[in-house]
Amino acid sequence: MPGLVVQKFGGTSLADIQKIKAVAAKVAASRRLGQDVVVVVSAMSGETNKLLGMAHKISKTPSQREIDLLLSSGERISCALLTLALHAIGCPAVSLTGRQMGMLTDSAHTRARIKQINSGRAKNLLQENHVVVVAGFQGVNEQGDVTTLGRGGSDTTAVALAVALEARQCEIYTDVDGVYTADPRIVADARKLSAVSYDEMLEMASLGAKVVQIRAVEFARNFNMPLVVRSSFNEGDEGTLIGREDPRMEQPVVSGVMYDKNQSKITIRGVPDQPGIAAKIFGPLAENSLSLDMIIQNMSADGLTDISFTLPTAEMAQAAEVVQKTARKIKAREVSFDSDISKISIVGAGMRSHSGVAAKMFQMLSRENINIMMISTSEIRISCLIDSKYTELAVRGLHREFGLESEASAESSSAPQPKTETA
Ligand code: ADP
Ligand code: ASP
Ligand code: MG
């Protein structure tokens with residue numbers, strides 16, 4: 001539908017009734033411009049964490065199926081409230097849960113993937129001139145059980161719907177003006193980027209810039225769906241356009257500095273250095289769908305070696321169990337765990353054609369006496385694993401080192417303030 005936009009509103013944009021009313025007014029204004037609108041909502045700010053907290057007070061290892069049912073309620077609340085707010089200002093609107101929206105996923109509870117969207121009902125409602133308000137982050141599997149798409153998953157709901165309904169673009173409304181050269185809550189003089197390529201955004205999202213969920217960017221790239229990130233509160237700002245790389249433009253060497261504190265490291269020491277040993281260690285982890293990131297194997301001495309790898313802290317408990325079992329089987333000496341680490345990364349499409357970028361990064365860290373535990377690189381990214389207490393120091397230092405500050409940084413009175421709560 002060429003006149004259709006999908007607008008997604010995050011938790012902070014829906015934090016209270018006043019904000020929900022403001023979102024309703026914004027949506028109604030888009031409609032007055034002649035656009036059809038599908039709105040995707042997150043849970044109200046803090047709600048998802050509150051629900052998770054309650055579950056963890058009952059059990060340390062709650063059933064993932066029940067967690068999904070529990071968490072999906074957060075988005076239902078904001079979905080119904082926003083629809084009521086639209087009615088209150090005379091805008092015809094209908095709310096749809098994931099199931100009602102026809103959002104079919106696989107059965108990987110808490111990190112389900114979308115398999116199919118049966119969008120007939122939404123299309124009919126749009127044709128009848130309704131705004132369709134969809135509860136983000138959720139779907140149902142083949143058995144009809146509720147699933148969720150992973151933290152930040154409403155972004156993915158929005159992009160997937162934009163693709164399914166052939167929208168003109170997908171707009172992600174949030175609490176910052178767009179995608180910045182670094183998290184503006186850590187780097188006060190971070191600069192807003194007016195455009196970013198899908199590839200860069202994919203790297204940024206996977207490296208910790210949680211402003212858009214990685215799978216949403218993947219979806220957008222695969223289907224060439226223009227993605228706009230902009231503020232729910234700052235009317236005048238154009239935001240950031242995420243789209244295809246413009247081949248005519250010179251690519252910046254480094255476009256951003258990212259950090260991820262939610263990483264943990266597992267080290268297996270004294271591993272017999274034999275063919276097939278890595279497969280024995282990583283096979284069971286893959287079977288459990290654990291998402292590993294950096295992996296290093298040291299030089300072996302006396303036929304023994306050490307293997308370290310990182311993964312999201314949320315998956316650490318499950319991974320620890322799997323690894324300890326394997327370690328016993330292969331007769332490794334010991335397994336150790338470290339959660340006080342963080343991954344800092346620099347990203348830039350221009351790195352493809354520039355050398356010396358890594359050296360510059362390492363020099364900056366060395367000047368601050370920050371030890372690098374692991375390094376990994378891709379064509380357009382360099383990541384280093386460091387002690388998490390140096391995260392802010394490293395991010396700010398690298399931002400300065402690569403000259404990413406905004407020109408108007410001195411007078412950036414509108415820079416976002418540290419936030420105390422997330423969705
Ligand atoms: P929402 O609730 O709208 O989904 P999120 O909290 O998921 O919002 O994402 C927005 C937050 O992402 C911002 O408040 C900001 O702190 C954080 N963020 C991290 N890195 C970046 C970045 N490079 N650019 C913009 N925001 C970033
Ligand atoms: N409410 C979910 C979360 O906090 C999904 C989302 O906000 O996109 O992760
Ligand atoms: Mg989000």
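One-based numbering, in listed order, for ligands and for the atoms of each.
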Inset, instruction - Ignoring hydrogens, just give me the one of Q213, E75, R151 whose non-hydrogen atom is nearest atom 1 (N) of ligand 2. - result: E75
Inset, instruction - Enumerate the atoms of ligand 1 whose separation from the nearest heavy atom of V179 is less than 4.0 angstrom. - result: 24 (N)
Inset, instruction - Report yes or no: does G11 have a heavy atom closer than 4.0 Å to ligand 1? - result: yes
Inset, instruction - Indicate yes or no: does K261 engage E392 in a salt bridge with an N to O separation below 4.0 Å. - result: yes
Legend entry - Basic-acidic side-chain contact under 4.0 Å: K389, D340: no
Inset, instruction - Salt-bridge test for D155 and R215: reply yes if a basic N is under 4.0 Å from a carboxylate O, no otherwise. - result: no
Inset, instruction - Under 4.0 Å from a heavy atom of G178: give me the atoms of ligand 1 that qualify, with their elements. - result: 24 (N), 25 (C)
Inset, instruction - Taking only Lys NZ, Arg NE, NH1 and NH2, and the carboxylate oxygens of Asp or Glu, determine whether E401 and R367 approach each other closer than 4.0 Å. - result: yes
Legend entry - D175 N/O to ligand 1 N/O under 3.5 Å: yes
Inset, instruction - Pull out every atom of ligand 1 sitting under 4.0 Å from any heavy atom of M258, numbered as shown with elements. - result: 23 (N)
Legend entry - Test item, G152 contacting ligand 2 (heavy atom, 4.0 angstrom): yes
Inset, instruction - Enter the distance from N371:CG to I386:CD1 here, rounded to the nearest 0.5 Å. - result: 9.5 Å
Legend entry - Closest approach of A43 to T48 (non-hydrogen atoms, all atoms of both residues): CB-OG1, 3.6 Å
Legend entry - Shortest non-hydrogen contact from C170 toward M225: N-SD, 4.1 Å
Legend entry - Winner among D183, V187, T48, T12 once heavy atoms are compared against atom 15 (C) of ligand 1: D183
Legend entry - Note: D145-R65 ion pair, threshold 4.0 Å (strictly below): yes
Legend entry - Which of the ligand 1 atoms, numbered from 1, are nearer than 4.0 Å to a heavy atom of R185: 13 (C), 14 (O), 15 (C), 16 (O)
Inset, instruction - Examine ligand 1 and decide if any of its atoms is less than 4.0 Å from a heavy atom belonging to G256. - result: no
Inset, instruction - Give yes if a backbone or side-chain nitrogen or oxygen of T181 is under 3.5 Å from a nitrogen or oxygen of ligand 1, and no if not. - result: no
Legend entry - Under 3.5 Å: N/O of S42 near N/O of ligand 1: no
Legend entry - Interfacing atoms of ligand 2 (cut-off 4.0 Å, heavy-atom, S42): 6 (C), 7 (O), 8 (O)
Legend entry - Qualifying residues under side chain to side chain donor-acceptor pair (under 3.5 Å), relative to N288, sequence neighbours excluded: none
Legend entry - Contact check, M204 vs ligand 1, heavy-atom distance below 4.0 Å: no
Legend entry - Whether G153 lies under 4.0 Å from ligand 2, heavy atom: yes
Inset, instruction - Mind checking ring-ring contact (aromatic ring centres under 6.0 Å, His included) for F282 and listing every partner two or more places apart, or none if nothing turns up? - result: F309
Inset, instruction - Just go through K192, K210, Q213, K8 and tell me whose heavy atom is the nearest to atom 4 (O) of ligand 1. - result: K8
Legend entry - Crowding at NZ, K21 (>12 non-hydrogen neighbours, <6.0 Å): no
Inset, instruction - Take every heavy atom of A190, measure it against each atom of ligand 1, and state whether any distance is under 4.0 Å. - result: no
Legend entry - Nitrogen or oxygen atoms of T48 and ligand 2 under 3.5 Å apart: yes
